[in-house]
Amino acid sequence: MRSPKDFFAPLAVGAPQPPRQIPVRPSRMIHFFDPGNEKMAAKVPDLAKKTDVLLGNLEDAVRADRKEAARAGLVSIAKATDFGRTQLWTRVNSLDSPWVLDDLITLVTEIGDKLDVIMIPKVEGAQDIHYVDRLLAQLEARAGLTEPLLVHAILETASGVANVEEIAGASPRMQGISLGPADLAASRRMKTTRVGGGHPGYLVRTDPVGEDLDEGRTTYQQDLWHYTVARMVDACAMNGILPYYGPFGDIRDVVACEDQFRNAFLLGCVGAWSLHPVQIDIAKKVFSPSPADVAWARRVIAEMGDGTGAVMIDGKMQDDASVKQCRVVVELADELAATDPELAAAYDAATKEIQS
Ligand SMILES: CCC(=O)SCCNC(=O)CCNC(=O)[C@H](O)C(C)(C)COP(=O)(O)OP(=O)(O)OC[C@H]1O[C@@H](n2cnc3c(N)ncnc32)[C@H](O)[C@@H]1OP(=O)(O)O
Ligand SMILES: O=CC(=O)O
Ligand SMILES: [Mg+2]
């Protein structure tokens with residue numbers, strides 16, 4: 001165990017100072033693309049204008065014989081593209097794979113100054129983050145980088161879930177954690193064959209009304225991911241890092257995708273992955289607080305004055321705790337509105353309407 005005093009010392013001579021705070025930047029959607037796929041790569045400059053995060057994926061979904069092409073593609077794209085305010089992330093191959101060492105060496109050396117966050121898949125415990133932490137420090141020092149790279153873990157193994165609190169606090173570089181429902185389902189030996197989302201067989205049923213066990217019994221589909229998302233959110237919040245829902249694989253089912261994203265948003269996640277351009281606007285809509293909620297939250301804050309005591313607003317009791325929730329909503333809205341004039345106008349219009 002490192003002592004808390006050592007936590008903010010660089011892990012290699014010449015490496016940049018580790019971060020003390022995770023920068024607050026919009027990351028409602030982490031948009032995945034395969035940098036070795038020419039069609040997808042051609043869309044990157046346009047996608048950079050409408051996404052919060054673009055992620056060059058080198059791991060699963062990239063064929064084994066295309067790994068080098070994907071890595072080289074990401075280097076070229078990063079060098080050639082002006083990403084503006086959009087962050088550039090990558091997902092490297094897993095730590096037990098034959099590709100990850102070259103992924104990290106190449107990317108940090110060639111484009112370490114363009115990358116914001118490195119996503120590490122299949123993290124099992126703090127030891128995986130410690131390994132990456134030291135290696136990144138060595139590579140940053142050699143590349144002469146002045147800003148530390150941040151690390152994001154995917155929660156997609158049973159041991160990762162069991163160790164999620166120690167993973168979240170394993171390094172000052174930890175930026176956040178995403179739920180990876182597909183690999184996690186396999187690791188847990190769940191009997192699903194989907195990428196995220198629900199399952200009609202996972203349900204509860206109302207009690208029988210009489211002797212007939214089939215008659216009049218409504219069933220309600222349950223959320224397979226509730227426990228893991230909630231646990232991930234707590235682990236992230238207690239360590240000052242950000243939680244995300246991961247992939248929703250049924251690209252055609254934009255309705256259920258929106259539901260899954262909204263469940264994650266309401267439970268505390270700040271964003272989700274988009275796998276296809278059609279999911280970008282879904283994430284943008286869901287992970288931006290609604291104008292009505294922002295207007296209401298602003299009103300509660302205004303009427304609560306110094307934030308203590310209790311008041312009644314439209315028949316609802318408000319006190320110190322509800323005003324704190326309202327501040328969470330308003331702070332997020334203000335952060336997003338600062339770079340999105342359309343959203344800012346929608347929030348102001350809804351606020352004026354509620355005041356009149
Ligand atoms: C399961 C656990 C995980 O690890 S999830 C993360 C790993 N998976 C991924 O990264 C998948 C990323 N997405 C994809 O590969 C594709 O979107 C898949 C799902 C295969 C669908 O592609 P395709 O059949 O081409 O869809 P389409 O015909 O509707 O595409 C229309 C045009 O859009 C493009 N497109 C597609 N996806 C992306 C993307 N993620 N980023 C940028 N562009 C994308 C297509 O190339 C196609 O382009 P064009 O109109 O033909 O020029
Ligand atoms: O990598 C993501 C997953 O769901 O697996
Ligand atoms: Mg995975």
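Note that this is a predicted model, so its numbers are computed, not measured. Here, residue 1 is the first one in the sequence, and each next residue gets the next number. Order of listing sets the numbers, starting from 1, for every ligand and every atom in it.
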ask   = Are H152 and Y244 close enough that their ring centers fall under 6.0 Å?
value = yes
query = Just heavy atoms, cut-off under 4.0 Å: does R91 contact ligand 2 by side chain, backbone, both, or neither?
reply = side chain
query = ligand 2 versus P121, non-hydrogen atoms closer than 4.0 Å: side chain, backbone, both, neither?
reply = neither
inquiry  = For atom 12 (C) of ligand 1, what's the nearest protein heavy-atom neighbour? Residue, atom name and distance, please.
reply    = L275 O, 3.2 Å
inquiry  = Regarding D183, does it place an N, O or S atom less than 2.8 Å from the Mg ion (ligand 3)?
reply    = yes
request  = Have a look at K122 and tell me which of D128, D96, D60 forms a side-chain hydrogen bond (donor to acceptor under 3.5 Å, both in side chains) with it.
outcome  = D60
For W99 against R71, the heavy-atom pair lying closest together = O-NH2, 3.4 Å
key: Contact atoms of ligand 1, heavy-atom distance to D60 under 4.0 Å   = 7 (C)
Location of contacts on D183 toward ligand 1, heavy atoms closer than 4.0 Å = neither
inquiry  = Using heavy-atom distances only, which candidate in H31, H276, R252 approaches atom 31 (C) of ligand 1 most closely?
reply    = H276
remark   = the protein heavy atom lying closest to atom 4 (O) of ligand 2 turns out to be A182 N, 2.8 Å
key: Nearest non-hydrogen protein atom, atom 33 (O) of ligand 1   = K43 CE, 3.8 Å
inquiry  = I need the atoms of ligand 1 closer than 4.0 Å to a non-hydrogen atom of L47, numbered in the order shown.
reply    = 42 (C)
4.0 Å heavy-atom contact, V278 with ligand 1 = no
task = Decide whether the shortest distance between a heavy atom of G246 and an atom of ligand 2 is less than 4.0 Å.
result = no
ask   = Nearest to atom 15 (O) of ligand 1 by heavy atom, E38, R194, M40, K39: which?
value = M40
ask   = Does D223 use its side chain to pair, donor to acceptor, with the backbone of W225 at less than 3.5 Å?
value = yes
request  = Please report which non-hydrogen protein atom sits nearest to atom 2 (C) of ligand 2, along with the residue it belongs to and the distance in Å to one decimal place.
outcome  = E156 OE1, 3.4 Å
Identity and distance of the protein heavy atom lying nearest atom 1 (C) of ligand 1 = V195 CG1, 3.6 Å
remark   = For V123 and T157 the tightest heavy-atom approach is O-OG1, 3.3 Å
inquiry  = Can you name the atoms of ligand 2, numbered from 1 with element, that are less than 4.0 Å from a heavy atom of W273?
reply    = 1 (O), 2 (C)
ask   = Does the Q222 side chain pair with the main chain of Y220, one donor and one acceptor, at a distance under 3.5 Å?
value = yes
ask   = D34: heavy atom below 4.0 Å from ligand 1, yes or no?
value = no
ask   = Less than 4.0 Å between atom 25 (O) of ligand 1 and some protein heavy atom, yes or no?
value = no
message = Using heavy atoms and a 4.0 Å limit, tell me yes or no: is E59 in contact with ligand 1?
response = no
ask   = Considering the options R25, Q175, Q87, which one meets the side-chain hydrogen bond (donor to acceptor under 3.5 Å, both in side chains) requirement together with D116?
value = R25
ask   = Got a sec: is E156 within less than 2.8 Å of the Mg ion (ligand 3) via an N/O/S atom?
value = yes
request  = Measure the distance from atom 35 (N) of ligand 1 to every protein heavy atom, then report the residue, atom name and distance (to 0.1 Å) of the closest one.
outcome  = P277 CD, 3.9 Å
note = One finds that the ligand 1 atoms under 4.0 Å from a non-hydrogen atom of A61 are 7 (C), 8 (N), 9 (C)
remark   = ligand 1 atoms nearer than 4.0 angstrom to some heavy atom of N57 are 7 (C), 10 (O)
ask   = If only atom types and distance count, is the side chain of N57 paired as donor or acceptor with the main-chain N or O of F33 below 3.5 Å?
value = no
message = Please give me the minimum heavy-atom distance between D207 and R217, naming the atom from each residue.
response = C-NE, 3.6 Å
key: Proximity of F32 to ligand 2 by residue part, where a heavy atom lies under 4.0 Å   = neither
